[in-house]
Amino acid sequence: MTKRLTEVAKKAGVSEATVSRVLNGRDGVSESTRTAVLTALDVLGYERPTKLRGERARLVGLVLPELQNPIFPALAEVVTGTLAQRGYTPALCARTIGGVSEMDYVEMLLDHQVSGVIFAGGSYALADARHDHYRRLTDRGLPVVLVNAGVDELGFPRVSTDDAVAVEQAYGHLRSLGHERIGMVLGPEGHVPSRRKLNAMIQAAGWGDDDAEYVERSSFSMEGARVAATKLVERGVTGIICASDVLALGTIRAARRLGRSVPTDVSVVGFDDSAFMTCTDPPLTTVRQPIETMGQAAVDLLVTQIEGAGVLHDELLFEPELVVRGSTAPAPRR
């Protein structure tokens, strides 16, 4: 008990005596101090006293699929900073292979009486994944916001990059450079943002059933992208649009292993404009997601729900920006 009091007091920036008064429900403690102590208790993983468990903490969960892809730490930085400014404490939950699942994190967050949850890159974006844990949040009436496209039936507010505009920008750029055989490396079949990108490409390029050879699927890893992109390059594709920067880096590796030069022989366009894409060889042409604006909007939507105000459940679409660097060049002459 003494160790717990000490840790909570240090985390909340108050005395151990103040922590004791809050935990015992005594008077003489301001509401802001009381909230700080309860939040510290939640963050440190200690159970609240039984009589305090019915109250939600000013704690907000941020659930991410990983931290290796630089786009997710960038989003986490924006969201956690904005939450702190609004008086909420972020609880970062990043999934790992063979580690804690998204479903497990949801259970943990519910146990800690969080005020709401923001998800990015979760199983909500996979049409064939299990979505039971999201429905548990709906049943509890817990405020939730999803970052980037997900399956429609969940009904949560969404903050997304406009995938159609992203593809139009990338495709238009490659066409302006004279590329005619343009392919795509996308995420898995059931990945909703990848579906949107493919539909946009079908519209922009006028693809039909015979153009399926221009599309390859991959897990969101450089290794998976290398396998997928190898097939496209061997089929004579000279321009490749990728569903993430990580896939684009794997695509560049594939081209080089086939003895092709990027961008002389093959031009590559990524998606995200995550950290260090100016430092790759060559620097990556990519479509930038407006992560700062989207992260702030996600927090605004969540706090609006927490405070009991009505919130539109329509999807907010944010326009991306094409950033041209060294991985694209005029199509090779035949």
Side-chain angles (χ1 to χ4, degrees), residues 1-64 73-94 105-120 136-147 156-157 159 291-312 316:
M1 177 63 74
T2 301
K3 179 183 177 184
R4 181 175 72 165
L5 287 175
T6 302
E7 290 181 350
V8 174
K10 183 177 180 181
K11 186 74 175 177
V14 299
S15 68
E16 293 181 26
T18 298
V19 173
S20 179
R21 289 161 76 140
V22 171
L23 297 183
N24 289 298
R26 294 176 185 158
D27 296 331
V29 180
S30 69
E31 188 58 35
S32 61
T33 300
R34 185 172 175 277
T35 299
V37 169
L38 292 177
T39 300
L41 201 71
D42 295 325
V43 171
L44 292 170
Y46 292 123
E47 288 190 7
R48 295 186 179 201
T50 304
K51 59 187 174 183
L52 299 177
R53 288 181 192 171
E55 303 177 22
R56 281 182 179 164
R58 290 181 68 84
L59 186 68
V60 170
L62 173 60
V63 184
L64 304 175
L75 176 65
E77 183 177 5
V78 174
V79 170
T80 56
T82 307
L83 283 169
Q85 290 173 359
R86 301 293 292 269
Y88 290 87
T89 300
L92 179 61
C93 306
Y105 273 131
V106 167
E107 292 300 323
M108 291 180 188
L109 293 171
L110 288 174
D111 287 344
H112 282 84
Q113 299 288 331
V114 293
S115 296
V117 186
I118 296 174
F119 290 92
R136 285 207 61 199
L137 298 174
T138 302
D139 293 342
R140 294 281 191 97
L142 197 72
V144 172
V145 174
L146 309 179
V147 178
F156 295 129
V159 173
I291 287 298
E292 184 167 352
T293 306
M294 290 171 62
Q296 292 170 348
V299 172
D300 288 342
L301 279 174
L302 192 77
V303 172
T304 299
Q305 294 178 76
I306 293 171
E307 294 177 348
V311 63
L312 292 176
L316 300 182

As an exercise, state the distance from [atom1] of [X] to [atom2] of [Y], rounded to the nearest 0.5 Å.
X: Leu302; Y: Leu62; atom1: CG; atom2: CG; answer: 10.5 Å
X: Arg21; Y: Glu16; atom1: CZ; atom2: CD; answer: 14.0 Å
X: Leu110; Y: Asp139; atom1: CG; atom2: CG; answer: 10.5 Å
X: Arg34; Y: Asp27; atom1: CZ; atom2: CG; answer: 10.5 Å
X: Ile118; Y: Leu92; atom1: CD1; atom2: CG; answer: 11.5 Å

Given side chains that start at C-beta, do those of [X] and [Y] come closer than 4.5 Å, heavy atoms only?
X: Leu59; Y: Gln113; answer: no
X: Arg58; Y: Thr89; answer: no
X: Leu23; Y: Arg4; answer: yes
X: Leu109; Y: Leu142; answer: no
X: Thr138; Y: Phe156; answer: yes
X: Val117; Y: Val106; answer: no

Show your reasoning for whether side chain to side chain contact (heavy atoms under 4.5 Å, CB included) applies to Val22 and Val14.
CA-CA 11 Å; Val22 171; Val14 299; over 6 Å; no

Which heavy atom of [X] sits nearest a heavy atom of [Y], and at what distance?
X: Leu75; Y: Ala120; value: CD2-CB, 3.4 Å
X: Val159; Y: Met294; value: CG1-O, 3.6 Å
X: Tyr105; Y: Ala94; value: OH-O, 3.1 Å
X: Glu292; Y: Val78; value: O-CG1, 3.5 Å
X: Leu83; Y: Pro90; value: CD1-CB, 3.9 Å
X: Ala12; Y: Ala36; value: CB-O, 3.8 Å

Listed pairs under 3.5 Å, donor-acceptor, residues 303-312 side chains, sequence neighbours left out:
residue : atom : partner : partner atom : Å
Thr304  : OG1  : Asp300  : O            : 2.7
Gln305  : NE2  : Val144  : O            : 3.2
Gln305  : NE2  : Leu301  : O            : 3.4

Above 12 or not: heavy atoms from other molecules or residues under 6.0 Å from CD of Glu107?
yes

